[in-house]
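Working notes, beginning with the structure itself.
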Amino acid sequence: MAGGGGKAAAGGGEAPAITLEHTPTWIVSAVCFVIVIISLLFERLLHRLGKRLKKSRKKPLYEGLLKVKEELMLLGFISLLLNVFQGLTQKICVKASVMDHLQPCKLDFSGAKTAKTTAHLAAAGVRRLLAGGGAKSDYCEKKGLVPILSVEAIHQLHIFIFVLAVSHVVLSAVTVLLGIAQTRKWQHWENKIQASDENGMMKEHSPLGKWIIGMKLSGPQMIKHVQEFPFIKNHFKGHGKRWKTFGWLRSFLKQFYGSVTEEDYVTMRLGFIMKHCRGNPKFNFYKYMIRALEDDFKKVVGISWYLWAMLIIFLLLNVQGWYVYIWISAVPFVMLLVVGTKLEHIITELAHQVAEKHTAIEGELVVSPSDELFWFHRPKIVLLLIHIVLFQNAFEIAFFFWLLVTYGFKSCIMGNKGYVIARLVISVISQLLCGYSTLPLYAIVSHMGTSFKKVIFDENVVEGLANWAQNARRRNARAARTQNVGDSPVDESNVGEVQMTSPPTKSVQQGTARLI
């Protein structure tokens, strides 16, 4: 068969494509066996990982794993579409002049180069098994036209989308793990606070402790000047525009070193507890913060519709001479610096609010969390920007390695060598900065808003509240339908009781719905 193909090629004819009907069965079965084994091993690996996460009660991370499975399913569907419609794209023919616009690398389709290019595309189609079932490579050539997308280009696009998705998932997971590792020292601060509270509780039961508590309740607590608190001293330097500008500059620089100090953690922890759980002073703020960060991981690891739209725009603007990827790599870095500066400045604003309202403070320093500290009064915008930054970095890194493997470092689509190295360095720096500074800052500052997240409750409590709210809605719906029909099952003697109890139930139900 090979000899016949060689003779046909030597005689100037077209080499026939080898289809499944002419392929030895042992080759087909061997290839299928390898593919099935690899797929089953990967599926079992994800299954075991999911079981371990559920067993260790890591529900947010388990939901993040489910999100990864969804992305893999979407990639499989994209791959299926590319394979199914690649034969159709070979029948979509355009004029050679259309291919001269918006090219990443200039290619002349006129004269002798047209035949050479078409022959190259035809040879690429013969080399691929899937091309044998599609349109013939000379379909557009017979009409004096060129195909809108070659089989080789479809195959390369397919590989790039897969590499991009895998890079985004892996880099997002690594960044979140780096952020959690960076917050390990906060656990030591939390343990120290918990230990001091336990020692205080033990002393309260002694006679001396009871006498001291009685003196505190009967007399005033210690009064301090605001500048005596380390949190105020570190973040508040004075009033006026000059000091506000200095505050922004300090916030910009502080994200590179010691973004969160022990005084910052203790003060923001106390502010959160006094705002949301005043009755539980021993609330473990660190565990709540880590659970919330793990819950946000399932949002960061996914590829939303706006990220796919950004990918399409990036591919559209990859035109030779435009140098788009220079500022595409710079935009996430600048955006990351802006986000880090804003998060640091929120801590500064918390100190300014206290220092501007009080000259002296009795007892502990308590800050006031509020959504007004965030852009457009929405703390979720910060997570959205971090999500975009991580995707842009993943795109830059995946695009570089895909071009390096596919075309080589000296290809025209790679661009200027200096620019390429600069883009790669900026992307790596952005990824490290996000993991070691910006993400830990977000992990604690994002809780300085008006509301709290549902992970503040135990999983069983959340499920119980959700079931209770759902049952309450069903009961109210049935009661409303019964009243409309005029067949109320409630006695007249209990009408007053129903009127007294229904409004609180409805308000509590609405509050639970907002929380969940």
Side-chain angles (χ1 to χ4, degrees), residues 1-9 13-53 62 64-92 120-139 147-170 173 301-303 308 311 394 398-399 401-407:
M1 182 181 299
K7 292 178 182 179
E14 180 182 346
I18 301 177
T19 59
L20 279 176
E21 60 182 349
H22 297 110
T23 304
T25 56
W26 69 270
I27 296 180
V28 177
S29 59
V31 171
C32 291
F33 175 78
V34 173
I35 294 176
V36 169
I37 289 297
I38 295 176
S39 302
L40 289 178
L41 289 176
F42 185 69
E43 191 274 336
R44 286 291 92 189
L45 176 63
L46 294 179
H47 181 71
R48 288 291 182 87
L49 181 59
K51 288 183 64 177
R52 178 168 295 185
L53 292 176
Y62 175 71
L65 180 63
L66 295 180
K67 190 68 176 179
V68 172
K69 290 183 178 180
E70 292 179 5
E71 298 300 331
L72 293 176
M73 184 179 67
L74 180 60
L75 286 177
F77 185 71
I78 293 176
S79 175
L80 178 64
L81 289 180
L82 290 175
N83 289 333
V84 169
F85 290 105
Q86 73 173 359
L88 180 62
T89 57
Q90 299 304 295
K91 294 184 178 180
I92 301 178
H120 171 72
L121 297 177
V126 171
R127 286 197 305 267
R128 306 219 174 270
L129 176 62
L130 291 174
K136 292 183 178 180
S137 57
D138 59 349
Y139 179 83
I148 192 172
L149 196 63
S150 67
V151 177
E152 184 74 14
I154 294 176
H155 178 70
Q156 293 173 352
L157 180 62
H158 178 207
I159 294 177
F160 169 68
I161 293 176
F162 177 79
V163 172
L164 173 61
V166 173
S167 300
H168 174 67
V169 172
V170 172
V301 77
I303 303 180
W308 287 111
L311 170 63
F399 191 70
F401 285 103
W402 174 72
L403 290 179
L404 183 64
V405 174
T406 305
Y407 300 103

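As the structure is a computational prediction, the values presented were derived from the model and not from experiment. All residue numbers in this chain count up from 1 along the given sequence.
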Do His47 and Lys51 have side chains that approach each other closer than 4.5 Å (heavy atoms only, starting at C-beta)? yes
Among residues at least two apart in sequence or on other chains, which ones pass side-chain contact (heavy atoms from CB on, under 4.5 Å) with Ala30? none
Heavy-atom closest pair (Leu164 atom, Ala398 atom, distance to 0.1 Å) is CA-CB, 3.8 Å
Flag the pair Leu88 / Phe85 as yes when at least one side-chain heavy-atom distance between them is below 4.5 Å, and no otherwise. yes
I'd like to check the salt bridge (charged side-chain N to carboxylate O under 4.0 Å, His left out) partners of Glu70; sequence neighbours left out, ordered by chain and number. Lys67
Rounded to the nearest 0.5 Å, how far apart are NE2 of His158 and CG of Leu80? 9.5 Å
Is there a side-chain contact between Leu75 and Ser79 in this structure, where contact means two heavy atoms from C-beta onward sitting under 4.5 Å apart? no
What one should report as the nearest heavy-atom pair of Thr89 and Leu149 is OG1-O, 4.0 Å
Quick check: closest heavy atoms across His168 and Gly302, and the distance to 0.1 Å? NE2-O, 3.3 Å
What class does the angle between the rings of Trp402 and Phe160 fall in, given that below 30° is parallel, 30 to 60° is tilted and above 60° is perpendicular? tilted
Over 12 foreign heavy atoms within 6.0 Å of CG, Leu74: yes
To the closest 0.5 Å, what do you measure between CZ (Arg44) and OG (Ser39)? 13.0 Å
Distance (rounded to the nearest 0.5 Å) between Lys91 NZ and Gln86 CD: 12.5 Å
To the nearest 0.5 angstrom, please state how far the CD1 atom of Ile78 sits from the CH2 atom of Trp308. 4.0 Å
Nearest 0.5 angstrom please: Leu45 CG to Leu40 CG, how far? 12.5 Å
If you round to the nearest 0.5 Å, how far is CG of Leu404 from CZ of Phe399? 12.0 Å
Looking at Ser29 and Thr25, would you say the former's side chain and the latter's main chain have a donor-acceptor pair under 3.5 Å? yes
